[in-house]
Asks: 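Quick one: structure below, then a few questions.
The chains referred to below are lettered A, B, ... by the order of the sequence lines, with proteins before strands, and numbering in each begins at 1.
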Amino acid sequence: MNSKEIRKAFLDFFAGKDHQIVSSAPMVVKNDPTLMFTNAGMNQFKDIFLGNQPAKYVRIADTQKCLRVSGKHNDLEEVGHDTYHHTMFEMLGNWSFGDYFKEDAINWAWELLHDILKIPADRMYASVFEGSADDKLECDDEAFNLWRKFLPADHIINGSKKDNFWEMGDTGPCGPCSEIHVDLRDDDERAKSPGRDHVNKDNPLVIEIWNLVFIQFNRKADGKLEELPDKHVDTGMGFERLCMVLQGTKSNYDTDVFQNTIIKIAELCNKKYGENQKSDIAMRVIADHLRAISFSIADGQLPSNNKAGYVIRRILRRAVRYGYTFLEFKEPFIWKLVETLKNNMGDAFPELISQQVMIENVIREEEESFLRTLETGIRLLDRSLPPTPSKGGGVLSGELAFTLYDTFGFPFDLTSLILREKGMSVDEAGFNTEMEKQKERSRNAAVQETEDWVELKKIEQVEFVGYDQLEVEVNITRYRKVTQKNKEFFHLVFDRTPFYGESGGQAGDSGYLIADGQRTKILDTHKENNLIIHFANKLPENPSAKFAAIVDAQKRKMTMNNHTATHLLDHALREVLGTHIEQKGSLVNSEYLRFDFSHFQKVSREELDKIQARVNELIRENLVKEENRAVSFDEAKTMGAIALFGEKYGDFVRVIKFGDSVELCGGTHVPATGQIGSMIITSESAISAGVRRIEAITSDRAEEFVKKHLDELSEVKGILNNTQNLKKSVEDLLAQNNRLQKQIEEFERKAASGIKQELKNKIHVINGINVIAEVIQLDSAQAVKDLAFQLKGEVDNLFLALGSVIGGKPSISVMIAENVVANKGLNAGTIVREAAKEMQGGGGGQAFYATAGGKDVSRLAAAVDKAKSFVK
RNA sequence: GGGGGAUUAGCUCAGUUGGCUAGAGCGUUUGACUGGCAGUCAAAAGGUCAUCGGUUCGAUUCCGAUAUUCUCCA
């Protein structure tokens, strides 16, 4: 079976067991502060497990794109070195939400693996939870007995809490789990030792392929377990591993999931896979990382310098690094592999097809930029090494290696590789110490203590009423205290709320609660999964009271103006630039709006003018908002809606329509576009390959902006006696200024040359040195300098000391011909410093030319005399 | 969110106890050589040293803030 058939077999099997097949959620997670990427199949159902949202179907199955870069078994730096770890992988899963439990889950797992996919029973092992004294839990006999129907007792293994008790986090839903392992070793190996001795022992050929989790408890912050009213099943089977088992290979990378890419890489670097351990690792790293990067970019997550974008950048750079070091790629190459990946996986994930060009461009740009970083790093490293390494090899300090890494992004392993080539080494322990310090700093800064929710009132789901109302009566349903950096504040959740929680690029609302005359300020509102969380710096005296919740209406109104303007801008962009425009990000708050979109060149001034004019036209048309809060996804598409990217959609979506602009959007909008007043584009810039950013302001801000500029203009006009043609007046003025400037220079030049002649006449010779020491009338440091250098060129054996008053302050310059410096041991720097003391100043410079300033103008002549006195 | 850097000519970058007439390479322009292309040589233009404030006789250089950007950690 090829991988496409395997995927299909899984989904078809569970569809046959009354499961609803749903599509994979985006790999990049929004609205969950604890998670940047989907790292398990259950992520998109988290709200159901947490009880924040009812389940739409009680049985679901899917394949989910996941990304893991850290965790107990998963360190990014290990990926590629073995044959079965990945950054991005597919997780096949089936779920029961309060429906079937252990029995069906185990029976079906067996049916699929053994009866349908024909994995031999003698190669399979199951593990069950052995119990835990800490948590007062017994062994999971139920699971054991279910497995006994299919497997002999010596193929069932008791697993510890570490392996067989699954927890979502420190707190939350959890329960025992049962893993299915497959022994893929050759028969002679299997004869030597039974497979059960290798389960969970990191043997690459005895692997876990499916984990069946039975969620039956909730872990509280104090560590205690509480039985859940509804029990759930959550399973996850590694797709790539399943392919390896069914295709009879010894490595995930030998399956058709990866081989096409690896063949392409081998072709590009002109090496064969399977001939050299180091280049094999590099090829695996690249084949793996290519998937992670491409899927992230397709999901709209571009590489950047923090958060999720930074993780993507790091993965990409790791791939480049391996290619650079072990496959001798010195030019961008990863982008060329996207085509192969698309051919391989585009069927199951069509976003790879529609986004191919985008993905290629972004990857190429990133590769180029990282190769530049490497070049800079190599230069810096070269410079910090001694020119000839001492015999027996020098050692580069860990601090220096860390600076290269931390500040300049130069990978540590490259540092040590380059040093090895030079017969040197690097202090790795020192490097690690520095790294620990850095981590410590970050941890301390990020530490946040979150207490348990205090639940006041049980509700099924929070109701958001802020589309229609800005003031409403609410109850607090739960609250918790959060402490960060010695500052404490509270998270409040209401039964219903007029406050918009930050999401979809729109900033959260602020405002206040009021009860019994007591006000509680709401500083900000965030959306966490399906909860709308209000941030307050104190808890109301009586949290159980009925509150009036009041949104800051002015701020909200400005935000709405900007949000609707964003839709109009999106629409205008498509009209003016073409329908290839796709949203890549958006920020809307009460101050301004920011819109990132795909477009492959700079938007010209003329195009911007057109776009802005079009938006303002739409504003003046006073288009009335047409809002539909429950449209099926398909219906919305036929309406021509633009799907805002990265949102997590239910089966029903909200559609916002202004004239021909139709978008899926959860944000708040003006009743009619006229309210926006006007929009002004304030900037257009590039944020990444193929992505441009437009920033704009609307309504009051736009008006202020125009007023400020008009005021400025009229002020300038006023200064120019209210000229009729401002542009010409300024041009004339500049031209005149230019002319005068030149005249002054000419004049100064003449004056200086006059002074120069005079000075030449005043030369007196002391011991063969031509000495000039005078106070002159020049008031520019530059002019004095020029004069001094000219005289040096024209008079041999010169000793020059010039006093002048510059900007009201006395200044002295000393110039000594180089040969005089050498022969007489004179130093202009020391002379000038001594001389400046006469006028309460100081100075310095080089041996042949130095300057000094002072405070006491009346002592200028004395200072010049002092300087002269050094000539003997 | 926290730490460390960077910002100097159109581009890539040098520039240390604070005073070096602020430089290099590439690019641009001009001239010479050649039958033309290309090239070689010569010369020139091009700088608010990111912005604002402070210390100082004097700041590209030191200090602080801001902006932009890179990088590492969370």
Side-chain angles (χ1 to χ4, degrees), chain A residues 33-36 69-70 76 303-311 313-314 317 366 368-377 379-380 383 399-412 415 431-432 434-448 482 484-485 487 683 685-688 693 695 752 780-793 803-815 818 821 827-857 859-860 863:
Chain A
T34 64
L35 211 55
M36 288 191 290
V69 288
S70 59
L76 176 61
S304 73
N305 60 354
N306 55 34
K307 303 261 161 67
Y310 180 60
V311 173
R313 173 168 283 173
R314 238 172 50 193
R317 290 184 170 195
E366 271 296 309
E368 275 163 7
S369 116
F370 184 53
L371 289 169
R372 273 200 299 275
T373 301
L374 289 182
E375 234 173 81
T376 310
R379 215 170 48 231
L380 286 168
R383 200 178 306 158
E399 286 84 1
L400 202 54
F402 184 75
T403 305
L404 277 171
Y405 172 69
D406 181 46
T407 303
F408 300 102
F410 194 70
F412 178 75
T415 301
F431 177 86
N432 289 333
E434 291 297 313
M435 179 67 100
E436 250 337 288
K437 280 191 214 160
Q438 151 110 310
K439 288 188 175 177
E440 191 55 34
R441 268 198 304 271
S442 294
R443 261 197 298 272
N444 290 341
V447 73
Q448 169 177 324
V482 177
Q484 191 168 26
K485 280 193 233 165
K487 277 175 69 181
S683 93
S685 58
I687 62 164
S688 165
R693 166 172 295 176
E695 294 177 337
S780 130
Q782 191 59 39
V784 174
K785 211 182 225 178
D786 284 342
L787 181 60
F789 276 85
Q790 281 173 28
L791 281 167
K792 185 177 84 148
S804 57
V805 180
I806 292 164
K809 282 179 177 171
S811 155
I812 182 167
S813 304
V814 171
M815 171 70 84
E818 272 96 344
V821 171
N827 185 314
T830 42
I831 292 171
V832 97
R833 206 168 293 125
E834 283 303 312
K837 282 183 187 163
E838 292 289 325
M839 49 189 197
Q840 295 173 29
Q846 304 116 288
F848 77 98
Y849 180 72
T851 56
K855 287 175 178 165
D856 188 353
V857 179
R859 300 286 297 158
L860 184 55

Asks: What contact category does A/Phe789 fall into here, base, sugar-phosphate, or nothing, at under 4.0 angstrom with non-hydrogen atoms?
Replies: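 The residue A/Phe789 makes base contact.
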
Asks: Hey, does A/Ala836 reach any base, or is it just sugar-phosphate, or nothing, if we go heavy atoms under 4.0 Å?
Replies: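 Touches nothing.
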
Asks: Measuring only between side-chain heavy atoms, which start at C-beta, is A/Leu76 closer than 4.5 Å to A/Arg314?
Replies: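 SC-SC contact between A/Leu76 and A/Arg314 confirmed.
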
Asks: A/Gln438 side chain: which of B/U71, B/C72, B/G5 is closest?
Replies: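 Among B/U71, B/C72, B/G5, the one nearest the side chain of A/Gln438 is B/C72.
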
Asks: Under 4.0 Å from OP1 or OP2 of B/C73: is there any side-chain N or O of A/Lys439 that close?
Replies: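 No, A/Lys439 has no side-chain N/O under 4.0 Å of OP1/OP2 on B/C73.
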
Asks: Dot-bracket, RNA chain B: Watson-Crick or G-U, under 3.5 angstrom, [ ] crossing, | other strand?
Replies: (((((((..((((.....[...)))).((((((.....)))))).....(((((..]....)))))))))))).

Asks: For the pair made of CG in A/Leu400 and C1' in B/U71, what is the distance, rounded to whole Å?
Replies: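 These atoms are roughly 16 Å apart.
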
Asks: What is the distance, to the nearest angstrom, from the CE atom on A/Met435 to the C1' atom on B/C72?
Replies: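 The answer, rounded to whole Å, is 7 Å.
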
Asks: In the 5'-to-3' direction, what one-character label does each nucleotide of nucleotides 9-15 of chain B receive under the scheme B = base within less than 4.0 Å of a protein heavy atom, S = sugar-phosphate only, - = no such atom?
Replies: ----S--

Asks: Please give me the minimum heavy-atom distance between A/Ser813 and A/Thr851, naming the atom from each residue.
Replies: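 Heavy-atom minimum between the residues: OG-CG2, 3.6 Å.
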
Asks: So if I take every side-chain heavy atom of A/Phe848 and compare against B/U21, B/U71, B/C72, which nucleotide ends up nearest?
Replies: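 Looking only at heavy atoms from C-beta outward on A/Phe848, the closest nucleotide is B/U21.
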
Asks: Measure the distance from CZ on A/Arg833 to P on B/U56 and round it to the nearest whole Å.
Replies: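 About 18 Å, once rounded to whole Å.
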
Asks: Donor-acceptor pair under 3.5 Å: do we get one between A/Asp406's side chain and the base of B/G3?
Replies: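 In this structure, the two groups form a donor-acceptor pair.
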
Asks: Identify, between A/Gly409 and A/Gly841, the residue whose nearest nucleotide on RNA chain B lies closer to the 5' end.
Replies: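 On the 5' side of the pair lies A/Gly841.
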
Asks: Measure CG/A/Leu404 against P/B/A6 and give the value in whole Å, please.
Replies: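 Atom-to-atom, A/Leu404 to B/A6, this comes out as 14 Å.
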
Asks: Report the distance from atom CZ of A/Phe408 to atom P of B/A6, rounded to the nearest whole Å.
Replies: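 These atoms are roughly 7 Å apart.
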
Asks: Under 4.0 Å between a side-chain nitrogen and a carboxylate oxygen: does that hold for A/Glu440 and A/Lys437?
Replies: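 Answer for the salt bridge query: no.
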
Asks: With rounding to the closest Å, how many angstrom separate the C1' atoms on B/A22 and B/U61?
Replies: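 My reading of the C1' atoms in B/A22 and B/U61 gives 12 Å.
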
Asks: Heavy atoms, side chains only, cut-off 4.5 Å: are A/Glu366 and A/Arg317 in contact?
Replies: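 Yes. Closest side-chain heavy atoms under 4.5 Å.
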
Asks: For nucleotides B/G64 and B/A6, find the distance between their P atoms and express it as a whole number of Å.
Replies: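 Result for the P pair: 13 Å, nearest Å.
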
Asks: For the side chain of A/Arg313, counting heavy atoms from C-beta on, which of B/U71, B/G19, B/C73 is nearest?
Replies: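 So the nucleotide nearest the side chain must be B/U71.
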
Asks: Given B/G3, is OP1 or OP2 found less than 4.0 Å from the side-chain N or O atoms of A/Lys437?
Replies: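 Checking A/Lys437 against B/G3: no side-chain N or O falls below 4.0 Å of OP1 or OP2.
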
Asks: Could you list the residues that satisfy side-chain hydrogen bond (donor to acceptor under 3.5 Å, both in side chains) with A/Lys439, not counting sequence neighbours?
Replies: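 Checked A/Lys439 against side-chain hydrogen bond (donor to acceptor under 3.5 Å, both in side chains); zero matches.
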
Asks: For the CG atom of A/Asn827 and the CD atom of A/Glu834, what is their distance to the nearest 0.5 Å?
Replies: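 So the gap between those two atoms works out to 11.5 Å.
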
Asks: When the distance from CE of A/Met839 to C1' of B/G58 is rounded to whole Å, what number comes out?
Replies: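 Spelled out: CE on A/Met839 to C1' on B/G58 is 11 Å.
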
Asks: Pick out which of A/Pro810, A/Ser804, A/Ser811 makes a side-chain contact (heavy atoms from CB on, under 4.5 Å) with A/Leu860.
Replies: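 The option that passes is A/Pro810.
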
Asks: Expressed as a whole number of Å, how far does the C1' atom of B/G18 sit from that of B/G54?
Replies: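 Roughly 15 Å separates the two C1' atoms.
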
Asks: Would you say the side chain of A/Asp406 lies within less than 4.5 Å of the side chain of A/Gln438, judging by non-hydrogen atoms?
Replies: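 Yes; the side chains approach each other to less than 4.5 Å.
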
Asks: Measure the distance from CG on A/Leu374 to P on B/C72 and round it to the nearest whole Å.
Replies: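 Interatomic distance, CG of A/Leu374 to P of B/C72: 11 Å.
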
Asks: Between A/Thr415 and A/Phe410, which heavy-atom pair has the shortest distance, and what is it?
Replies: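 Smallest heavy-atom distance, with atoms named: OG1-CD2, 3.4 Å.
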
Asks: Which value, in whole Å, describes the distance between the P atoms of nucleotides B/G5 and B/A65?
Replies: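 Straight-line distance between the two P atoms is 13 Å.
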
Asks: Measure from the side-chain N and O atoms of A/Arg833 to the backbone N and O of A/Gly843, and report whether any donor-acceptor pair falls under 3.5 Å.
Replies: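 Here the side-chain-to-backbone pair exists.
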
Asks: Roughly how many Å is it from CZ in A/Phe410 to P in B/U71, rounded to a whole number?
Replies: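 So the two atoms are 14 Å apart, to the nearest Å.
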
Asks: Which residue lies toward the 5' end of RNA chain B, A/Thr407 or A/Gly853, if each is placed at its nearest nucleotide?
Replies: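 Counting from the 5' end, the first nearest nucleotide belongs to A/Thr407.
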
Asks: Between B/G5, B/G19, B/U71, which one does the side chain of A/Tyr310 approach most closely?
Replies: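 From the listed options, B/U71 comes nearest.
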
Asks: So A/Gly843, base contact, sugar-phosphate only, or nothing? Heavy-atom distance under 4.0 Å.
Replies: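 Touches a base.
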
Asks: Mind checking A/Arg317 for me? I need base, sugar-phosphate or nothing, with any heavy atom below 4.0 Å counting as a touch.
Replies: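 Contact class for A/Arg317: sugar-phosphate only.
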
Asks: What interatomic distance, in whole Å, is found between P of B/U68 and the corresponding atom of B/C62?
Replies: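 It works out to 23 Å between them.
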
Asks: With respect to the phosphate group of B/U71, does any side-chain polar atom (N or O) of A/Arg314 fall under 4.0 Å of OP1 or OP2?
Replies: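 No, outside the criterion.
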
Asks: When you measure from the side chain of A/Lys809, which nucleotide among B/G3, B/G58, B/G19 comes out closest?
Replies: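 Ranking B/G3, B/G58, B/G19 by closest atom to the A/Lys809 side chain puts B/G58 first.
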
Asks: Taking the same atom, P, in B/G36 and in B/G31, what whole-Å distance lies between them?
Replies: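 It comes out at 14 Å once rounded to the nearest Å.
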
Asks: Please state the C1' separation for the pair B/A24 and B/G19 - nearest whole angstrom.
Replies: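 One C1' to the other, the span is 23 Å.
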
Asks: Which distance, rounded to the nearest 0.5 Å, do you find between the CE of A/Met815 and the CG of A/Leu787?
Replies: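 Rounded to the nearest 0.5 Å, the CE-CG separation comes out at 9.5 Å.
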
Asks: Distance between the P atoms of B/U60 and B/U48, in whole angstroms?
Replies: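 Looking at atom P only, B/U60 and B/U48 are 13 Å apart.
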
Asks: Determine whether the aromatic ring centres of residues A/Tyr405 and A/Phe412 are separated by less than 6.0 angstrom.
Replies: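 Judged by ring-centre distance (under 6.0 Å), A/Phe412 and A/Tyr405 do not meet the cut-off.
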
